[in-house]
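Quick caveat: nothing in here was measured; it's all calculated off a predicted structure. Residue numbers begin at 1 in each chain, while the letters A, B, ... track the order of the sequences.
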Amino acid sequence: MPELPEVENLAQGLAAQVLGLTIEDVLCHFPAVVAPDPVCFAEAVRGRRFENLRRHGKYLFFLLSGDVALALHLRMTGQLLLVPRVQRVDKHTHLELFLANREMKIVFRDVRKFGRLKLLEGRVEEFIKEKKLGPDALGISALQLHRALRKTGRCIKAALLDQTVVAGLGNIYTDEILFREQISPLKQACSLDSERTASLLRTVQKVLRSAIRRKGTTISDYVDSRGEKGSFQNELMVYGRKGQPCSRCGTPIVKTRVAGRGTYFCPSCQCQ
DNA sequence: ACTATCCCCTGACGGC
DNA sequence: TGCCGTCAGGGGATAG
């Protein structure tokens, strides 16, 4: 379940590994994984060099030579790996990008086939605008967040998961942030005043930066481009801890469903 | 316009 | 031992 820290960690690793390298050829095993289609995709990227990487929320953008840009979204189980060119691929590998002048290739694996690598028609900024993505969670200001929260009738968990409000938060980090901030996931988003919102945002950024330092959270599938797992799963205080005592007060952690997602919280510490 | 729900897809897991 | 239902959660599509 890659969220902002996992995508950031992947981006940092890839930047060191692939910038300056050229895509020699493309092999697609599952057509739906690329957009608009494998033929257009291959024609557009063949011979292009990786010039820059950029992340916004859970999206990773590859800026290639010739003003070509790609948008990657890992969704739940997607992985982008740099592996030896001769390595055999398994049934979950949907795309191979062979690199020129190197014995390596980039492969895209995704057990659940939800992830996508899209050739952009325009610039990255236009893509972000089309998707109506909000400011990145590490760049949003307290004022921006407060304005967005004020005008919704939804609960805080639903609002934080909404990528048009703030981009980058997913189910795991949202639960962890609300626990640390002692806010009920069911609290009305519009009921947070500007000071409470500022405090929430400090916790959002603290948790995300901490998770980046820990190289992400690996519960099942997440690995970086070298296949390395993260370790923030060892820092989780509520997610996946149903029935276990709250680290703050000892009350058993409760699991419910909020905004269509499994939601873990302490009913005692997060009662409002 | 805003919000809630369904759906995609596979693997893991629990009950019987 | 195997079959079946449920769950996992990104975001797009669709319904209300």
Practice item. Kindly state each residue pair satisfying ring pair (Phe, Tyr, Trp, His ring centres under 6.0 Å) with at least one member in residues 147-190 of chain A, sequence neighbours excluded. Key: Y173(A)-F232(A)

Exercise for review: Classify the nucleic acid contact of G115(A) as base, sugar-phosphate or nothing, counting any heavy atom under 4.0 Å across all strands shown.
Suggested key: nothing

Review point. What class does the angle between the rings of F108(A) and H94(A) fall in, given that below 30° is parallel, 30 to 60° is tilted and above 60° is perpendicular?
Key: tilted

Review point. So what does F30(A) hit on the nucleic acid, given a heavy-atom distance under 4.0 Å: a base, only sugar-phosphate, or nothing?
Key: nothing

Could you write out each protein N or O paired with an N or O of nucleotides 13-16 of chain C at a distance under 3.5 Å?
none

Exercise for review: Go through the structure and list residues passing ring-ring contact (aromatic ring centres under 6.0 Å, His included) with H146(A), not counting sequence neighbours.
Suggested key: none

Review point. Taking ILVMFWY side chains as joined if any heavy atoms are under 4.5 angstrom apart, and letting links pass through other members, which residues group with V254(A)?
Key: F265(A)

Check your understanding: Do the side chains of H29(A) and L27(A) get nearer than 4.5 Å, heavy atoms only?
Key -> yes

Practice item. With sequence neighbours excluded, give me every side-chain hydrogen bond (donor to acceptor under 3.5 Å, both in side chains) pair touching residues 235-253 of chain A. Key: R214(A)-E235(A), R241(A)-Q244(A)

Review point. Just by distance, with hydrogens left out, do Q79(A) and H92(A) show a side-chain donor and acceptor under 3.5 Å apart?
Key: no

Exercise for review: Would you indicate what R116(A) reaches in the nucleic acid, counting non-hydrogen atoms under 4.0 angstrom: base, sugar-phosphate, or nothing?
Suggested key: nothing

Practice item. Quote, to the nearest angstrom, the P distance that separates dT14(C) from dC9(B). Key: 15 Å

Review point. When we call it a touch if two heavy atoms are under 4.0 Å apart, what does G78(A) touch: a base, just sugar-phosphate, or nothing?
Key: nothing

Point to revise | Minimum heavy-atom distance K157(A)-D175(A), with the two atoms named | key: NZ-OD1, 2.6 Å

Check your understanding: Quick one, which residues of residues 165-178 of chain A touch DNA chain C with a heavy atom under 4.0 Å?
Key -> G170(A), N171(A)

Review point. Where each pair must be Watson-Crick or G-U wobble with both distances under 3.5 Å, what dot-bracket representation of DNA chain C is obtained, with crossing pairs in [ ] and other-strand partners as |?
Key: .|||||||.|||||||

Exercise for review: Just call it for T152(A): base, sugar-phosphate, or nothing, with non-hydrogen atoms closer than 4.0 Å on any strand.
Suggested key: sugar-phosphate

Filtered N/O pairs between nucleotides 11-15 of chain B and protein, under 3.5 Å:
| unit_1 | atom_1 | unit_2 | atom_2 | d |
| --- | --- | --- | --- | --- |
| dG11(B) | OP1 | K91(A) | NZ | 3.3 |
| dG11(B) | OP1 | H92(A) | NE2 | 3.2 |

Review point. Which residue pairs pass the salt bridge (charged side-chain N to carboxylate O under 4.0 Å, His left out) test when at least one of the two sits in residues 180-201 of chain A, sequence neighbours left out?
Key: E176(A)-R180(A), E181(A)-R196(A)

Review point. Which other residues belong to the hydrophobic cluster containing L143(A), where Ile, Leu, Val, Met, Phe, Trp and Tyr are joined when side-chain heavy atoms lie under 4.5 Å apart, directly or via other members?
Key: none

Review point. Mind checking who shares a hydrophobic cluster with L120(A), ILVMFWY linked at side-chain heavy-atom distances under 4.5 Å?
Key: Y59(A), F61(A), L63(A), V124(A), F127(A), I128(A), L133(A)

**Study point:** Closest-nucleotide 5' rank along DNA chain B - winner of R261(A) and K151(A)
**Key:** K151(A)

**Study point:** Short side-chain N/O contact from K113(A) to OP1 or OP2 of dT10(B), under 4.0 Å
**Key:** yes

Revision key, fill the gap. Members sharing V258(A)'s hydrophobic cluster, built from side-chain contacts under 4.5 Å between Ile, Leu, Val, Met, Phe, Trp and Tyr, are L186(A)

